[in-house]
Structure formats: structure tokens, C-alpha cells
Amino acid sequence: MSRKTAVITGASRGIGLAAAKRLIDAGWQVYGLSRTEGPDERVQWIPCDVSNPESVNEALDSACMQAGRLDLLVCNAGMGISGAVEFTSEEDAARQIEVNLLGAVRCAGRAAGALRKQGFGKIIFVSSLAAVFPLPFQSLYSASKAGLNVFSDALGIELEPFGVQTCTVMLNDVRTDFTDSRKKSVRGDDIYGGRIRASVEKMERSEREGMAPERVAEEIFRLAEKKKLPAHRIVGVSSKLLGFLGRILPTDLTLRIIRGIYG
Ligand SMILES: NC(=O)c1ccc[n+]([C@@H]2O[C@H](COP(=O)([O-])OP(=O)(O)OC[C@H]3O[C@@H](n4cnc5c(N)ncnc54)[C@H](OP(=O)(O)O)[C@@H]3O)[C@@H](O)[C@H]2O)c1
């Protein structure tokens with residue numbers, strides 16, 4: 001039987017690269033879709049910009065054709081912007097949704113046909129706890145991840161009769177280049193009483209002390225090998241506890257807590 005095959009978007013560094021390495025170590029064949037090539041030659045790089053529909057279609061078709069089967073798609077490519085909504089440009093807002101949400105929608109949409117026809121396969125979306133704990137001054141990022149969660153749930157129901165499963169993996173703080181790559185704006189910080197800078201700096205400190213990407217990779221690997229996927233998976237004990245609290249606390253109380261920490 002041919003080797004299990006995964007396509008991972010954003011496998012050139014960070015969480016995507018760690019997940020690719022973990023799967024390859026376990027015998028999987030991995031195609032990495034990103035704009036730049038990563039450092040691990042075992043990952044079969046296919047140039048792809050998830051914000052470009054033609055690029056996504058070409059890259060996914062090429063991976064599926066070369067591999068002959070697709071066991072797993074990990075929609076992981078992402079970036080972050082921060083700043084006050086009223087000072088966020090239309091261009092930056094659109095880019096955030098374009099890469100994080102529409103990029104994943106495109107990849108999943110293109111892979112869905114192949115997965116449906118072969119009658120098995122999994123799609124894992126790399127999401128964030130910000131999807132359920134919306135962050136001030138990262139509202140567009142939070143919205144992109146909340147959209148991803150809902151999209152995954154709905155798509156999972158569509159594809160279930162064809163043996164295809166979906167799952168969102170929600171993360172809190174992970175030590176990657178994501179923090180330094182964030183497009184930050186402190187425009188209007190004087191009007192907002194210094195809250196923009198303070199909020200984002202707090203988040204960045206937590207990210208720099210966050211879990212290693214290999215921890216997330218291990219979770220993705222476990223899900224890849226699992227028979228039945230959960231709809232949502234939160235990584236990390238303290239994050240799981242947060243997720244549980246988010247489910248049982250009234251929304252107004254949850255928002256008051258978030259305001260106290262990041263407001
Ligand atoms: N780090 C955290 O604390 C954290 C927490 C929660 C969720 N997440 C999520 O985890 C995912 C991975 O993030 P990370 O921490 O590993 O960040 P990272 O180290 O900055 O890696 C981001 C990856 O996404 C790719 N990418 C970005 N824009 C792309 C585009 N337009 N087309 C194709 N690929 C693109 C990058 O590759 P190229 O630049 O080569 O294209 C890179 O491989 C993201 O979705 C992020 O939102 C991260």
C-alpha cells in the first residue's frame with residue numbers, strides 16, 4: 001500500500017514545519033505549501049500563496065496528482081495583525097481574513113473533491129483560542145479564527161457521508177516566528193490611553209514563553225492517526241481549562257475577564 005500522504009500549508013517554519021517533521025518521522029509523505037521553501041528537504045515543497053486562488057488550485061492539484069492519495073490536509077498557514085479597529089486599513093483587514101480564513105476555505109474546497117471521491121481523509125484547521133476568547137486590538141485575527149471554527153464544523157457535516165472528517169485545533173501561546181511577523185499598528189494609542197501597545201505587548205510576552213511548536217505537532221500527529229476526529233481540540237492543559245471555563249461561564253463574565261487581562 002502507498003504511503004500515507006499529508007498536505008500542510010505553512011510548512012516552511014513554525015507549527016507547520018514541526019508537524020511536517022513529525023509526520024515524516026512516522027513514515028508519512030508530506031507536501032508543504034508555502035511562499036518560501038523551508039529548511040527540511042524531506043518536505044516536498046510546492047510554492048503556494050494561499051491568498052491566491054490559482055496558486056492554491058495548482059498546488060493542491062499537483063500534490064494530489066503526485067501522491068495519488070490524500071489522507072490529511074492541514075490548513076495551518078496564517079499571520080496576525082494588531083491594532084485598533086478604527087485605525088485598521090481596509091487593506092490590512094482584508095489581508096487578515098484573506099490569508100487566515102479564505103486561504104483555508106480555498107485549500108479545503110479544492111481538496112474536498114479528491115477526498116470525497118476517494119471516500120476517506122481528514123482536514124485539520126489550525127485555529128486559536130482567540131476564536132472563543134476574542135482579543136481586543138486583535139479583533140480581525142480573532143474573527144478570522146472564529147470563522148475558521150464555524151467553517152470547519154459546517155464542512156464536517158457536509159463531508160461526513162463521504163468518510164471525510166474535519167477538526168479545528170485551538171492553540172494558545174506557541175513560540176514561533178509568528179510573534180515577530182505580526183503586523184502591528186499602535187495608531188491611536190494616545191487616544192486609547194496606551195491600551196493598544198500594552199495589550200499586544202502582554203500577548204507577545206506570553207507567546208515568547210509559550211509551548212514549543214513540537215508540542216502542537218505531536219497533537220496534530222495523534223489526530224492524523226486517530227480513527228475518529230473530535231470537532232475541536234484544544235492543545236495544552238491550561239488552555240483546555242480555559243476552554244472549559246469559556247463553555248460554562250456566561251459570555252458577559254468571560255468578556256469581563258478578557259477585558260481585565262487584555263483590555
Ligand atoms: N504562534 C502562536 O502563538 C499561535 C497561536 C494560535 C494559533 N496560531 C496559528 O498557527 C498557525 C501557524 O503559525 P506559526 O505560529 O507556525 O507561525 P509562523 O512561524 O509565522 O509560520 C507561518 C507559516 O504560514 C505560512 N504563510 C503565511 N502566509 C502565507 C500565505 N499567504 N500563503 C502561504 N503560506 C503562508 C508561512 O510560510 P511563508 O512565509 O513561506 O509563505 C509559514 O510557513 C497560524 O495559522 C497561526 O494563526 C499560532
Side-chain angles (χ1 to χ4, degrees), residues 7-22 30-40 43 45-60 63 73-82 94-108 110 124-135 138 140-149 151-152 168-183 200 202-217 219-220 232-236 238-239 242-243:
V7 169
I8 304 179
T9 67
S12 59
R13 57 178 191 272
I15 293 161
L17 175 62
K21 286 180 169 178
R22 182 64 186 91
V30 176
Y31 293 87
L33 275 49
S34 52
R35 294 164 303 174
T36 59
E37 190 169 9
D40 192 326
V43 180
W45 178 53
I46 302 180
C48 176
D49 182 341
V50 296
S51 67
N52 178 328
E54 285 86 42
S55 172
V56 167
N57 291 348
E58 270 174 36
L60 266 160
L73 167 67
V74 183
C75 295
N76 161 77
M79 46 81 78
I81 66 165
S82 65
R95 180 85 191 148
Q96 180 70 97
I97 302 297
E98 183 75 46
V99 174
N100 288 15
L101 179 56
L102 282 179
V105 167
R106 279 184 195 114
C107 292
R110 193 64 175 187
I124 294 177
F125 296 92
V126 178
S127 184
S128 165
L129 265 194
V132 286
F133 290 98
L135 294 167
Q138 293 186 63
L140 268 303
Y141 178 75
S142 305
S144 73
K145 294 300 186 182
L148 207 52
N149 281 18
F151 175 73
S152 171
T168 45
V169 174
M170 279 184 272
L171 314 173
N172 196 3
D173 299 316
V174 188
R175 289 192 309 271
T176 66
D177 291 347
F178 186 84
T179 306
D180 289 329
S181 307
R182 177 176 284 119
K183 187 168 183 202
V200 177
K202 193 168 215 172
M203 165 62 63
E204 293 196 339
R205 274 196 300 277
S206 307
E207 284 171 357
R208 290 185 208 286
E209 291 163 5
M211 65 172 66
E214 288 72 22
R215 171 74 186 81
V216 184
E219 193 68 47
I220 291 173
H232 298 169
R233 173 56 55 87
I234 297 176
V235 184
S238 54
S239 302
L242 272 176

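Worth saying up front: this structure is predicted, and the values here are computed from it rather than measured. We use all heavy atoms of the structure for the numbers below, so side chains are in, but hydrogens, waters and symmetry mates are not. Ligands are counted one by one from 1 in listed order, and the atoms in each one are counted from 1 as well.
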Is there a donor-acceptor contact under 3.5 Å from the side chain of [X] to the main chain of [Y]?
X: Thr9; Y: Asn76; answer: yes
X: Arg175; Y: Gly210; answer: yes
X: Asn100; Y: Met79; answer: yes
X: Ser55; Y: Asp49; answer: yes
X: Gln96; Y: Leu140; answer: no

Ignoring hydrogens, what is the shortest heavy-atom contact between [X] and [Y]? Give both atom names and the distance.
X: Lys145; Y: Ser127; answer: O-OG, 3.5 Å
X: Phe125; Y: Leu148; answer: CD2-CD1, 3.8 Å
X: Ala130; Y: Leu135; answer: CB-CD1, 3.8 Å
X: Thr168; Y: His232; answer: OG1-CD2, 2.9 Å
X: Ala59; Y: Pro47; answer: CB-O, 4.0 Å
X: Asn172; Y: Ser239; answer: CB-OG, 3.2 Å

Which of the atoms in ligand 1, numbered in the order shown and given with their element, are less than 4.0 Å from a heavy-atom of [X]?
X: Gly14; answer: 16 (O), 19 (O)
X: Cys48; answer: 32 (N), 33 (C)
X: Ser127; answer: 6 (C), 7 (C)
X: Asp173; answer: 3 (O)
X: Asp177; answer: 19 (O), 20 (O)
X: Arg95; answer: 31 (N)
X: Thr176; answer: 1 (N), 14 (P), 15 (O), 16 (O), 17 (O), 19 (O)

Any N/O pair [X]/ligand 1 closer than 3.5 Å:
X: Leu33; result: no
X: Val99; result: no
X: Ser12; result: yes
X: Asn76; result: yes

How far is [atom] from its nearest protein heavy atom, and which residue and atom name does that atom have?
atom: atom 31 (N) of ligand 1; result: Asp49 OD1, 2.9 Å
atom: atom 3 (O) of ligand 1; result: Val174 N, 2.9 Å
atom: atom 35 (C) of ligand 1; result: Ala77 CB, 3.7 Å
atom: atom 40 (O) of ligand 1; result: Thr36 OG1, 2.4 Å
atom: atom 32 (N) of ligand 1; result: Val50 N, 2.9 Å
atom: atom 16 (O) of ligand 1; result: Ile15 N, 2.8 Å
atom: atom 8 (N) of ligand 1; result: Tyr141 OH, 3.6 Å
atom: atom 22 (C) of ligand 1; result: Gly78 O, 3.7 Å

Quiz item: Hey, which of Arg35, Arg95, Glu98 is the one that makes side-chain hydrogen bond (donor to acceptor under 3.5 Å, both in side chains) with Ser51?
Solution: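 The passing option is Arg95.
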
So is [X] close enough to ligand 1, meaning a heavy atom under 4.0 angstrom away?
X: Val216; value: no
X: Gly38; value: no
X: Met211; value: no
X: Lys145; value: yes

Quiz item: Taking the minimum heavy-atom distance to atom 21 (O) of ligand 1, which of Arg13, Met79, Arg35 ranks first?
Solution: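 Of the listed residues, Arg13 has the closest heavy atom.
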
Practice problem: May I ask you to test the Ser82-Tyr141 pair for a side-chain heavy-atom distance under 4.5 Å? | Solution: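 No, side chains not in contact.
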
Quiz item: Taking C-beta and beyond as the side chain, do Leu33 and Val50 meet within less than 4.5 Å on heavy atoms?
Solution: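 Sidechains of Val50 and Leu33: no contact.
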
Quiz prompt | Audit row: Glu209, Arg205, salt bridge (Lys or Arg N to Asp or Glu O under 4.0 Å) steps and yes/no | solution = CA-CA 6 Å; Glu209 291 163 5; Arg205 274 196 300 277; over 6 Å; no

Practice problem: For ligand 1, note which part of Asn172 has a heavy atom under 4.0 Å away: side chain, backbone, both or neither. | Solution: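 Only the backbone of Asn172 comes within reach of ligand 1.
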
